[in-house]
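A quick write-up on the structure given underneath.
Note that this is a predicted model, so its numbers are computed, not measured.
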Amino acid sequence: MSGVANGAGANGSAGHGAIVVGGGHNGLVAAFYLAKAGMRPLVLERRDIVGGACVTEEFAPGFHASSGAYVLSMLRSAVRNDMRLDERGLTVDAAGPSLHLFDDGEHLMVHEDPEELAAEVGRFSAHDAAQIGPFEDNLARVAELIMPFIDLAPPDLASKKPSDLLRAARFGIQGAKHRGEVDDALWTFATSARQYLDEWFEDDHIKAAFGWHAINDSLAGPSTSGTAYVLLHDHAGEDPSAGVRAWGFVRGGIGRVTELMAE
């Protein structure tokens, strides 16, 4: 295995405060924050390159392609800023609208601009077109409740340590500030993308186009419990104003992201 860490050498884990198995983007980010906290992490990767699914590889002499993940989405701003990815050369071009084709001959262009999207949806259903704004506003409100928790370790409710008591208090304050969204958040965690979208839209073309975002990176189907959360995660993972459609193409391929992370 290849070591990717300052101080990694022939002695393996000797002198290292943490070992990260796998040099994908998650492993590299974990190692970065462990190092920032003062530890000496050792990242172990079996391949000759790091990146996991986020790699750019030569498939023919002189020709390269993103062989796993192909678009950048949900890279949290905190990670992007802390690792100074943009400052050090990450350039991302917006992917633009996505075109959905259906077996009945219809098509739907899912625009990033809500007004353009509503106009496109209006070809299928005036009701659904009117729902676009409230649908995205609701996701944004739930995201405001959920997102701060991503940076907090869950508190030990049995602990009397000041740090755990403080974390528990922060969870409670955040929930109190957004008490109106707590039920919506719990329902989103538990329900399926199909059931969630059925609450908002009536046309199957619209639900299929939006529901694809909840299952395209998984083995789950749209009726699988918990898939509605992916819609929320898509919305919350980046700029909430971009809705569930924000993604972009990395110049140089997706492997450029993990190259910069490894550096």
Side-chain angles (χ1 to χ4, degrees), residues 71-77 94-150 174-249:
V71 292
L72 184 65
S73 178
M74 298 186 291
L75 175 60
R76 297 183 53 242
S77 297
S98 59
L99 175 64
H100 297 260
L101 305 175
F102 302 95
D103 58 7
D104 62 359
E106 282 289 357
H107 70 276
L108 174 67
M109 187 75 78
V110 179
H111 296 275
E112 293 184 8
D113 179 78
E115 292 185 4
E116 290 184 273
L117 175 59
E120 178 77 356
V121 168
R123 296 194 300 107
F124 297 88
S125 166
H127 168 272
D128 289 359
Q131 289 286 79
I132 294 296
F135 169 71
E136 300 229 346
D137 288 344
N138 182 71
L139 284 175
R141 285 194 300 271
V142 177
E144 286 181 14
L145 164 66
I146 298 301
M147 282 303 292
F149 293 136
I150 290 180
Q174 178 69 1
K177 282 172 58 180
H178 298 276
R179 61 173 62 89
E181 283 69 52
V182 171
D183 285 344
D184 282 346
L186 293 175
W187 185 63
T188 303
F189 287 139
T191 195
S192 68
R194 178 191 292 273
Q195 189 172 8
Y196 186 87
L197 292 167
D198 280 345
E199 293 285 324
W200 288 95
F201 304 107
E202 61 183 13
D203 188 271
D204 286 341
H205 300 89
I206 311 306
K207 290 184 280 189
F210 286 177
W212 172 80
H213 287 273
I215 63 170
N216 70 318
D217 292 325
S218 74
L219 298 178
S223 298
T224 302
S225 297
T227 49
Y229 168 70
V230 184
L231 293 174
L232 173 63
H233 192 269
D234 269 9
H235 195 283
E238 261 297 346
D239 178 9
S241 65
V244 296
R245 299 169 304 281
W247 56 9
F249 294 108

Can Leu72 and Phe249 be said to form a side-chain contact (heavy atoms from CB on, under 4.5 Å), step by step? CA-CA 6 Å; Leu72 184 65; Phe249 294 108; over 6 Å; no
Between Ile132 and Phe210, is the side-chain contact (heavy atoms from CB on, under 4.5 Å) condition met? List the steps. CA-CA 11 Å; Ile132 294 296; Phe210 286 177; 3.9 Å; yes
Given side-chain contact (heavy atoms from CB on, under 4.5 Å), test Leu139 with Glu136 step by step and report yes or no. CA-CA 5 Å; Leu139 284 175; Glu136 300 229 346; 5.6 Å; no
Mind running side-chain contact (heavy atoms from CB on, under 4.5 Å) on Asp184 and Leu145 for me, showing each step along the way? CA-CA 10 Å; Asp184 282 346; Leu145 164 66; over 6 Å; no
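Scanning both residues, Tyr196 and Asn138, for their nearest heavy atoms gives OH-ND2, 3.2 Å. Residues Ser225 and Ala190 share a closest heavy-atom pair of CB-O, 3.4 Å.
With hydrogens and angles ignored, the 3.5 Å screen pairs no side-chain donor or acceptor of Thr227 with any backbone N or O of Ala214. Not a single donor-acceptor pair under 3.5 Å links the side chain of Asp203 to the backbone N or O of Ser125.
Taking the six-membered ring for Trp and thresholds of 30 and 60 degrees, Phe135 and Phe201 have ring planes more than 60 degrees apart, a perpendicular arrangement.
The structure places CD of Gln131 at 12.0 Å from CD1 of Ile206, a figure rounded to the nearest 0.5 Å.
For the side chain to side chain donor-acceptor pair (under 3.5 Å) test, residues two or more places apart in sequence or in another chain that qualify with Ser223 are Arg194. Annotation: side chain to side chain donor-acceptor pair (under 3.5 Å) contacts of Asp198 (sequence neighbours excluded): Lys207. When the side chain to side chain donor-acceptor pair (under 3.5 Å) test is applied to Asp183, no partner is found at least two apart in sequence or on another chain. Scored by the side chain to side chain donor-acceptor pair (under 3.5 Å) test, Glu181 finds no partners at all (sequence neighbours excluded). Residues that satisfy the salt bridge (Lys or Arg N to Asp or Glu O under 4.0 Å) test with Glu106, not counting sequence neighbours, are Arg123. Partners of His205 by ring-ring contact (aromatic ring centres under 6.0 Å, His included), not counting sequence neighbours, listed by chain and number: Phe102, Phe124.
Looking at Val142 and Phe189, their side chains never come closer than 4.5 Å, going by heavy atoms from C-beta outward. Put simply, the side chain of Val230 does not reach to within 4.5 Å of the side chain of Ile215, judged on heavy atoms. A 4.5 Å side-chain heavy-atom check between Thr224 and Ser192 finds every atom pair outside the cut-off. Between Val110 and Glu120, the closest side-chain pair of non-hydrogen atoms is not below 4.5 Å. Ile146 is not listed as a side-chain neighbour of Thr188, based on a closest heavy-atom distance of 4.5 Å or more.
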